[in-house]
**Student:** 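Okay, here's the structure, questions in a sec.
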Amino acid sequence: MALNEESAEKRKSARLAIFELANMISVPMSLNAIVRLKVADAIWQGGSNAPLSASQILQRIASTGSDPENLQRILRMLTSYGVFEEHLTIESSPLDGSASERKYSLTEVGKTLVTDTEGLSYAPYVLQHHQDALMKAWPLVHEAVLDPTTEPFVKANGEPAYDYYGKQPEMNELMLKAMSGVSVPFMEAMLDGYDGFKGVERLVDVGGSAGDCLRMILKKHPGVRQGINFDLPEVVAKAPIIPGVTNVGGDMFKSIPDGDAIFMKVLVVTCSSQFRMVMLSS
């Protein structure tokens, strides 16, 4: 069937869909802006989550000279994706009798960006995925199809991602914060329903970052007497001291410390098929 034989309604819907896809970058970039401006913490204010206008938010996060109109555009964008809830208020005006004002509160999605009492949130995870080095690699993704011998990140930055991160203290620190913010709620949910650590005395966490997962496992399962937090040397060098946990630096592609059990969270899906086969068969 030729394109011109399709219904006009279908073609209109298709054009609208491709418009949205072509402009989809505005969503993560808007989310990145909200995190950098600490908008979620400004609205949350210790749990009040009272609806605020863009001007009221700026009073809490910025000095004079900031633009509430630009902030409102970002807020409305992310409202359409469920990060904020918009509240339209009608107030009396001496000129025409009434005036409307848009205010915003956090949805459940938006609350994930609020800094909790332990200093954790999903905000660093958002920032981690939008660092300059990563953003430079995305336009080269098509080259990974044409030439799979070199990753887009290497082409953009001259070396593999983990080598690059190891030389950038700020990026490394952000990764630690991001992993802690994601790992703690994940582990809380997992430990509520999983009881597979019985009989394990020495547990190795591969890619353990700051050691949050082991800290929570050892607290819930005191039978695990020793936790091995295994990650890149530059990562574990920044990891805090946790009773019962030993930080070990190394390369998982070469060798992994021995243990009664090996714990890997999410990590396998980011590795090559060859590494997954080696890991699962060992």
Side-chain angles (χ1 to χ4, degrees), residues 35 38 40-41 44 46-47 108 111-129 131 161-162 165-166 168-271 275 279-280 282:
V35 170
K38 303 184 185 303
D41 286 339
W44 186 244
E108 291 303 313
K111 291 174 186 177
T112 64
L113 304 176
V114 174
T115 306
D116 66 14
T117 54
E118 296 181 4
L120 302 177
S121 79
Y122 272 64
Y125 186 78
V126 173
L127 295 179
Q128 180 196 3
H129 283 272
Q131 296 177 91
Y162 286 113
Y165 272 52
Q168 306 291 332
E170 290 183 2
M171 295 179 70
N172 195 19
E173 184 177 349
L174 179 60
M175 179 182 288
L176 286 174
K177 290 182 178 179
M179 292 302 98
S180 293
V182 171
S183 295
V184 170
F186 174 90
M187 288 303 299
E188 287 175 347
M190 175 186 167
L191 291 173
D192 279 344
Y194 181 74
D195 197 26
F197 295 108
K198 289 183 177 179
V200 176
E201 293 189 1
R202 179 181 166 94
L203 178 64
V204 181
D205 185 1
V206 178
S209 191
D212 291 290
C213 293
L214 284 174
R215 172 177 56 80
M216 298 175 72
I217 292 171
L218 266 62
K219 182 178 180 180
K220 181 74 179 287
H221 298 277
V224 180
R225 300 182 183 276
Q226 184 181 22
I228 305 297
N229 181 39
F230 183 66
D231 212 311
L232 294 171
E234 57 270 19
V235 174
V236 296
K238 297 286 186 179
I241 297 175
I242 300 173
V245 175
T246 302
N247 295 313
V248 177
D251 185 348
M252 68 179 183
F253 294 101
K254 295 179 180 179
S255 65
I256 293 175
D258 293 330
D260 298 324
I262 293 174
F263 181 75
M264 301 178 75
K265 177 179 64 62
V266 182
L267 186 63
V268 176
V269 300
T270 68
C271 301
F275 173 75
M279 173 59 64
L280 294 175
S282 63

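Since we're looking at a predicted model, the values are computed, not measured. Keep in mind that the numbers below use all heavy atoms, side chains included, and drop hydrogens, waters and symmetry copies.
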**Student:** For the CZ atom of F197 and the CG atom of L203, what is their distance to the nearest 0.5 Å?
**Tutor:**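 So the gap between those two atoms works out to 5.5 Å.
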**Student:** Looking at every non-hydrogen atom in both residues, tell me the closest pair between V114 and S121 and how far apart they are.
**Tutor:** O-CB, 3.1 Å
**Student:** Looking at every heavy atom in both V248 and P257, which two are closest together, and how far apart are they?
**Tutor:** CG1-CG, 4.3 Å
**Student:** Which heavy atom of L113 sits nearest to which heavy atom of Y122, and what is that distance?
**Tutor:**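 Closest pair (atom of L113, atom of Y122, distance): CD2-C, 4.2 Å.
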**Student:** With rounding to the nearest 0.5 Å, note down the distance linking CG in L232 to OG in S209.
**Tutor:**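 Atom-to-atom, L232:CG and S209:OG are 10.0 Å apart.
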**Student:** For the CD atom of E118 and the CG atom of D212, what is their distance to the nearest 0.5 Å?
**Tutor:** 8.5 Å
**Student:** Do other residues, nucleotides or ligands put more than 12 heavy atoms under 6.0 Å from D192 CG?
**Tutor:**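 Correct, the count exceeds 12.
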**Student:** Closest heavy-atom contact between P240 and A210?
**Tutor:** CD-O, 3.4 Å
**Student:** Grab the two heavy atoms, one from D260 and one from E201, that are nearest each other, plus how far apart they are.
**Tutor:** OD2-N, 3.0 Å
**Student:** Where the side chain of N172 meets the backbone of Y165, is there a donor-acceptor pair that is under 3.5 Å apart?
**Tutor:**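 Not confirmed, N172 side chain does not pair with Y165 backbone.
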**Student:** Return the CG to CG distance between D205 and N229, rounded to the nearest 0.5 Å.
**Tutor:** 6.0 Å
**Student:** More than 12 non-hydrogen atoms from neighbouring residues, nucleotides or ligands closer than 6.0 Å to CZ on F263, yes or no?
**Tutor:**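 More than 12 heavy atoms, drawn from other residues, nucleotides or ligands, come within 6.0 Å of this atom.
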**Student:** Just wondering, more than 12 heavy atoms not from K238 lying within 6.0 Å of its NZ?
**Tutor:**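 Count not over threshold, so no.
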**Student:** Does K38 have more than 12 heavy atoms from other residues, nucleotides or ligands lying within 6.0 Å of its NZ?
**Tutor:**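 No, the 6.0 Å shell around NZ holds no more than 12 heavy atoms from other groups.
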**Student:** Between S180 and P185, which heavy-atom pair has the shortest distance, and what is it?
**Tutor:**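 The answer is O-CD, 4.5 Å.
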**Student:** Could you grab the distance from atom OG1 of T246 to atom CZ of R202, nearest 0.5 Å is fine?
**Tutor:** 7.5 Å
**Student:** Any side-chain heavy-atom pair from M179 and Y125 closer than 4.5 angstrom?
**Tutor:**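 The answer is yes, as the side chains (C-beta and beyond) meet within the 4.5 Å cut-off.
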**Student:** Counting neighbours of CD on E173 that are heavy atoms of other residues, nucleotides or ligands and sit closer than 6.0 Å, is the number greater than 12?
**Tutor:** no
**Student:** Once side-chain contact (heavy atoms from CB on, under 4.5 Å) is applied, do any residues pair with D195, and if so which ones, sequence neighbours excluded?
**Tutor:** K198, H221
**Student:** Which distance, rounded to the nearest 0.5 Å, do you find between the CD of Q226 and the CG of L214?
**Tutor:**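 Answer for the CD-CG pair, Q226 versus L214, is 10.0 Å.
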